[in-house]
Amino acid sequence: MKELLIESKGIKTKEYFIPPFELREGELVILYLYGGAHFQGIKTELVDIFTGKIKNENVIVIKSLTYAGYFKESKFRRLFFPVRVGEYLKRRGNLESKFIQKIYESPWINKKTKINELYWNSKSLLSLYATFSKTKYIVFELAGLGPVDAKENYNIVRNEIRKGGAAILIDWAPDMKDDCDKFITLEWLSV
């Protein structure tokens with residue numbers, strides 16, 4: 001049997017319930033939250049639980065995940081001292097990992113490229129590669145990506161965790177429902 005990483009006996013609040021599930025080595029679990037104004041708030045709560053930032057009495061986190069979050073930069077920094085790809089990877093990634101080099105496979109990206117000039121998908125890939133350079137246990141999202149880019153990012157994660165690791169995708173669309181190990185749907189308690 002594959003090693004257990006996270007065991008959820010169900011996450012319940014006044015507004016919603018996420019049914020019980022387990023995350024094991026080599027698995028990709030999708031938590032489907034539906035789209036809407038609620039998505040960011042619930043996603044943030046779940047990320048905090050799965051990364052070990054906060055405790056939930058019904059969730060046992062044996063191995064904390066790392067969030068492959070989006071790049072954020074202050075307006076001052078963006079205008080006067082924009083972060084470049086090389087600097088970002090030096091701070092957020094493991095420079096010894098093969099994943100660091102993957103971002104440079106795009107012909108328009110080099111160490112001096114300003115991150116704020118990258119397309120949304122390239123920013124997402126940059127975060128994903130930096131995270132995978134340090135760990136194979138991640139929680140991620142595909143918000144802001146079109147269907148083709150979302151599928152590309154999803155496939156990168158899917159292929160990597162098959163080699164070892166695990167992932168939770170927190171998503172607002174059911175597009176990958178048939179290509180995951182477990183698909184868990186949020187249930188609304190109050191309408």
Side-chain angles (χ1 to χ4, degrees), residues 5-6 23-33 39-40 42-44 46-53 61 63-73 78 82-177 179-183:
L5 306 172
I6 293 178
L23 176 68
R24 295 185 174 275
E25 183 76 30
E27 291 183 340
L28 195 156
V29 173
I30 296 177
L31 297 181
Y32 173 51
L33 306 183
F39 180 82
Q40 281 296 44
I42 296 173
K43 179 207 73 172
T44 300
L46 294 174
V47 166
D48 287 348
I49 292 169
F50 301 137
T51 58
K53 288 183 183 174
V61 178
K63 172 95 175 139
S64 294
L65 305 180
T66 300
Y67 178 55
Y70 292 110
F71 170 76
K72 295 174 188 153
E73 181 175 45
R78 185 174 61 248
V83 176
R84 298 177 187 275
V85 170
E87 176 188 352
Y88 176 85
L89 292 174
K90 192 174 187 180
R91 282 190 292 154
R92 302 276 174 114
N94 171 6
L95 297 177
E96 303 298 317
S97 171
K98 66 177 180 161
F99 279 101
I100 294 299
Q101 298 309 311
K102 285 187 164 289
I103 197 65
Y104 300 124
E105 291 174 6
S106 298
W108 59 88
I109 299 176
N110 62 55
K111 290 179 182 182
K112 296 190 186 284
T113 303
K114 296 175 187 173
I115 294 178
N116 63 20
E117 294 176 351
L118 293 176
Y119 296 110
W120 191 256
N121 186 45
S122 296
K123 289 179 187 178
S124 180
L125 287 173
L126 179 65
S127 174
L128 201 56
Y129 291 148
T131 304
F132 265 133
S133 76
K134 289 186 163 186
T135 183
K136 299 254 189 199
Y137 303 95
I138 70 166
V139 58
F140 70 112
E141 63 180 299
L142 300 172
L145 299 175
V148 173
D149 293 336
K151 187 68 173 163
E152 176 187 5
N153 285 19
Y154 183 84
N155 286 338
I156 289 168
V157 173
R158 188 84 172 123
N159 291 334
E160 280 311 306
I161 65 164
R162 284 182 177 152
K163 302 173 193 171
I168 295 177
L169 168 60
I170 299 175
D171 209 3
W172 55 269
D175 298 354
M176 312 304 178
K177 182 178 185 172
D179 187 27
C180 64
D181 296 297
K182 296 173 186 143
F183 189 84

[X] versus [Y]: any side-chain heavy-atom pair under 4.5 Å?
X      : Y      : answer
Tyr88  : Leu126 : yes
Pro82  : Ile115 : no
Tyr154 : Ile30  : yes
Ile168 : Val47  : no
Arg84  : Thr113 : no

Just list the side-chain donor-acceptor pairs under 3.5 Å for residues 170-177, sequence neighbours left out, or say none.
none

To the closest 0.5 Å, what do you measure between [atom1] ([X]) and [atom2] ([Y])?
X      : Y      : atom1 : atom2 : answer
Tyr70  : Glu141 : OH    : CD    : 4.0 Å
Leu5   : Lys63  : CG    : NZ    : 8.0 Å
Leu31  : Ile42  : CG    : CD1   : 11.0 Å
Thr44  : Ile49  : OG1   : CD1   : 11.0 Å
Ile109 : Glu117 : CD1   : CD    : 11.5 Å

Provide the closest heavy-atom pair for [X] versus [Y] in the form atom of the first, atom of the second, distance.
X      : Y      : answer
Glu152 : Asn121 : OE1-ND2, 3.2 Å
Leu128 : Asn153 : CD2-O, 3.9 Å
Asn110 : Val85  : O-CB, 3.5 Å
Tyr137 : Gly165 : CE2-CA, 3.5 Å
Lys136 : Ile161 : O-CG2, 4.0 Å
Gly26  : Ala166 : N-CB, 4.3 Å

Quiz item: Can you tell which of Leu23, Asp179, Asp181 makes a side chain to side chain contact (heavy atoms under 4.5 Å, CB included) with Leu28?
Solution: Asp181
Practice problem: Give the intermediate values and the outcome of side-chain contact (heavy atoms from CB on, under 4.5 Å) for residues Val29 and Cys180. | Solution: CA-CA 6 Å; Val29 173; Cys180 64; over 6 Å; no
Does [X] use its side chain to pair, donor to acceptor, with the backbone of [Y] at less than 3.5 Å?
X      : Y      : answer
Glu27  : Arg24  : yes
Ser122 : Leu118 : no
Glu73  : Asn116 : no
Ser124 : Trp120 : no
Asn155 : Lys151 : yes

Quiz prompt | Other residues, nucleotides, ligands: >12 heavy atoms within 6.0 Å of Tyr119 OH | solution = no
Quiz item: Mind checking whether Phe140 and Tyr67 have ring centres under 6.0 Å apart?
Solution: no
Practice problem: Determine, stepwise, if the pair Leu33 / Leu46 fulfils side-chain contact (heavy atoms from CB on, under 4.5 Å). | Solution: CA-CA 11 Å; Leu33 306 183; Leu46 294 174; 4.0 Å; yes
Under 3.5 Å, which donor-acceptor pairs link side chains of residues 89-105 to any protein atom two or more places apart or in another chain?
residue, atom, partner, partner atom, Å
Asn94, OD1, Glu96, N, 3.0
Asn94, ND2, Ser133, O, 3.4
Ser97, OG, Phe99, N, 3.1

